[in-house]
Amino acid sequence: MVSILNDSTDAYFHLAAEEYLLGSFGQDVFMIWQNDRSVVIGKHQNVWAEINPAFIQERDIKVVRRFSGGGAVYHDLGNLNFTFIESSRNADFDKYTSLMVDLLAEVGVPAEADSRRGLTVQGLKISGSAQCIHRGKCMYHATLLYKTNLQMLASALQGDLSDSAEWGVERRAAYVHSVRSPVTNITHYLPSALQLQDFKNIIISFLLKNKIVEGEYQFSPYDLQAINQLKEEKYATTEWNFQATAPKCSNYDLYVNCLRARCIVKKRLIK
């Protein structure tokens with residue numbers, strides 16, 4: 001397994017990179033990455049039920065739909081993300097969760113795994129994960145709340161469909177709903193101060209020491225071209241990120257135009 005230390009902070013790029021690595025890359029991969037302020041929602045979620053559109057628009061927070069399922073998460077540069085992609089016919093996702101528990105123990109953080117493969121410390125969540133299997137490969141990716149702005153997180157993820165009838169959003173029971181949990185940051189539990197970059201270095205050293213990864217890989221020009229094409233054609237589009245869950249929303253175009261024009265007030269569509 002090779003490690004990719006991706007220095008981009010573009011959420012659209014990272015979600016495209018994951019799909020490219022899962023479907024078109026020949027080696028097993030561990031990728032570590034960070035996003036600028038963004039909300040990443042699961043493939044089968046209704047975006048309107050997960051986000052606070054007025055808050056997100058005011059603060060220029062990206063909304064990105066990922067390839068895997070699961071719930072919505074907030075990212076910023078105090079949040080660390082990692083992805084494992086392996087060729088496997090019998091995926092064992094729990095091993096990745098256990099691996100992260102062991103890693104956090106190395107820096108003195110007593111994390112525990114929950115029933116959804118998230119991580120908690122003293123009952124407060126520090127990590128959520130999602131998984132998928134695609135053509136003989138498995139992908140496990142997760143967040144680590146290291147020094148995230150938790151007030152921004154709470155505000156960005158205040159979705160509400162109570163007024164959905166006003167703008168015609170189709171309601172379906174099939175949507176996956178996020179499970180809300182009280183959260184905290186890893187920095188609150190470190191025995192001594194540790195910069196995020198140092199924490200990233202510890203993660204890589206831990207994976208090398210335990211022979212999980214064996215070397216570093218840099219995206220080639222071909223990789224970057226393929227990833228950026230996927231980004232532009234899919235992950236940076238409103239059709240994928242928003243309209244995928246509102247196929248019968250008669251006011252959808254007006255709603256998006258209001259978002260772009262910063263015309264949302266109190267999460268209600270301007271009529």
Side-chain angles (χ1 to χ4, degrees), residues 1-47 50-51 56 60-77 79-88 91 93 96 127-144 156 176 178 200 203 213 216-247 256 259-260:
M1 177 177 286
V2 296
S3 65
I4 298 175
L5 279 66
N6 194 339
D7 59 4
S8 171
T9 58
D10 180 357
Y12 301 141
F13 178 88
H14 289 136
L15 275 292
E18 285 191 323
E19 183 173 338
Y20 168 76
L21 292 168
L22 184 64
S24 304
F25 194 70
Q27 300 184 68
D28 293 345
V29 171
F30 169 79
M31 183 169 71
I32 191 166
W33 44 287
Q34 290 175 272
N35 285 334
D36 287 325
R37 291 185 298 188
S38 53
V39 171
V40 180
I41 65 170
K43 182 177 183 179
H44 306 295
Q45 291 196 292
N46 185 332
V47 63
E50 303 300 331
I51 68 170
I56 281 173
D60 196 26
I61 299 171
K62 290 179 180 176
V63 177
V64 196
R65 186 181 300 276
R66 61 178 176 265
F67 187 76
S68 64
V73 291
Y74 173 78
H75 292 181
D76 62 19
L77 292 179
N79 184 61
L80 195 59
N81 309 288
F82 59 90
T83 306
F84 288 96
I85 297 175
E86 288 190 272
S87 297
S88 176
F93 293 119
Y96 304 113
S127 175
S129 69
Q131 309 84 36
C132 72
I133 298 173
H134 179 71
R135 296 181 181 177
K137 284 189 172 183
C138 64
M139 178 171 71
Y140 174 97
H141 49 184
T143 63
L144 285 174
V176 173
S178 296
K200 290 168 69 173
I203 292 175
V213 300
E216 185 176 342
Y217 179 81
Q218 298 285 338
F219 284 130
S220 70
Y222 174 85
D223 297 329
L224 291 172
Q225 181 180 4
I227 292 168
N228 281 309
Q229 181 176 348
L230 186 57
K231 166 190 163 179
E232 295 301 325
E233 294 179 356
K234 181 175 181 178
Y235 287 97
T237 67
T238 55
E239 290 77 13
W240 170 253
N241 294 319
F242 292 87
Q243 200 169 14
T245 55
V256 171
L259 280 171
R260 289 174 175 168

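If you read the sequence from its start, that first residue is 1, and numbering goes on from there.
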> How are the rings of His14 and Trp33 set relative to one another: parallel (under 30°), tilted (30 to 60°) or perpendicular (over 60°)?
Replying inline: tilted
>> Would the distance check show the side chain of Arg37 and the main-chain N or O of Asp76 forming a donor-acceptor pair, the cut-off being under 3.5 Å?
In response: no
> When rounded to the nearest 0.5 angstrom, what distance separates CD in Gln218 from CG in Asn6?
Replying inline: 9.0 Å
> What is the minimum heavy-atom distance between Ala11 and Val64, and which atoms define it?
Replying inline: CB-CG2, 3.7 Å
>> I need the minimum non-hydrogen distance between Phe242 and Ile51, along with the two atoms involved.
In response: CE2-CD1, 4.3 Å
>> Tell me the closest heavy-atom pair linking Ala17 and Ile227, and the distance in Å.
In response: N-CG2, 3.7 Å
> Would you find a donor on one side and an acceptor on the other, under 3.5 Å apart, between the side chain of Gln45 and the backbone of Ala72?
Replying inline: yes
> If you look at every heavy atom in Ile133 and Phe93, which pair is closest and at what distance?
Replying inline: CG1-CZ, 3.9 Å
> Do Ile32 and Lys200 touch side chain to side chain, with heavy atoms closer than 4.5 Å?
Replying inline: yes
> Can you tell me how far the CE atom of Met139 sits from the NE2 atom of His134, to the nearest 0.5 Å?
Replying inline: 9.5 Å
> With sequence neighbours excluded, what pairs up with Phe13 under the ring pair (Phe, Tyr, Trp, His ring centres under 6.0 Å) test?
Replying inline: none
> For the residue pair Asp28 and Ser87, what are the closest heavy atoms and their distance?
Replying inline: OD1-N, 3.0 Å
>> If we count only N and O atoms by modelled type, under 3.5 Å, do the side chains of Tyr96 and Gln131 hold a donor and an acceptor together?
In response: no
>> With side-chain contact (heavy atoms from CB on, under 4.5 Å) as the criterion, how do Met31 and Leu21 come out once you've worked through the C-alpha distance, each side chain's angles and the decisive distance to 0.1 Å?
In response: CA-CA 10 Å; Met31 183 169 71; Leu21 292 168; 4.1 Å; yes
> To the nearest 0.5 Å, what is the distance between NE2 (His141) and CZ (Arg66)?
Replying inline: 5.0 Å
> Which value, rounded to the nearest 0.5 Å, describes the distance between Tyr140 atom OH and Ser88 atom OG?
Replying inline: 15.0 Å
> Between Gln34 (side chain) and Leu77 (backbone), is there a donor-acceptor pair under 3.5 Å?
Replying inline: yes
>> Whether the side chain of Ser127 engages the backbone of Thr143 through a donor-acceptor N/O pair (distance < 3.5 Å, no angle test) should be reported.
In response: yes
> Can you tell which of Asn35, Asn241, Asp10 makes a side chain to side chain donor-acceptor pair (under 3.5 Å) with Lys62?
Replying inline: Asp10
>> More than 12 heavy atoms of other residues, nucleotides or ligands under 6.0 Å from CD of Glu216: yes or no?
In response: yes
>> Quick one: does any side-chain atom of Thr9 pair with a main-chain N or O of Asp36 as donor and acceptor, under 3.5 Å?
In response: no
> Does any N or O in the side chain of Arg65 come within less than 3.5 Å of the main-chain N or O of Val40, such that one atom is a donor and the other an acceptor?
Replying inline: no
> How many angstroms lie between OG in Ser38 and OH in Tyr74, if you round to the nearest 0.5 Å?
Replying inline: 7.5 Å
> Does one side chain, of Tyr20 or Asp223, offer a donor that lies under 3.5 Å from an acceptor on the other?
Replying inline: yes
> Is there a donor-acceptor pair closer than 3.5 Å between any side-chain N or O of Lys137 and the backbone N or O of Phe25?
Replying inline: yes
> Taking atom types as modelled and ignoring hydrogens, do the side chains of His75 and Asn81 form a donor-acceptor contact shorter than 3.5 angstrom?
Replying inline: yes
> In Å and rounded to the nearest 0.5 Å, what is the NZ to CH2 distance from Lys43 to Trp240?
Replying inline: 5.5 Å
> Taking all non-hydrogen atoms of both residues, which atom of Tyr235 and which atom of Leu15 are closest, and how far apart?
Replying inline: CD2-CB, 3.6 Å
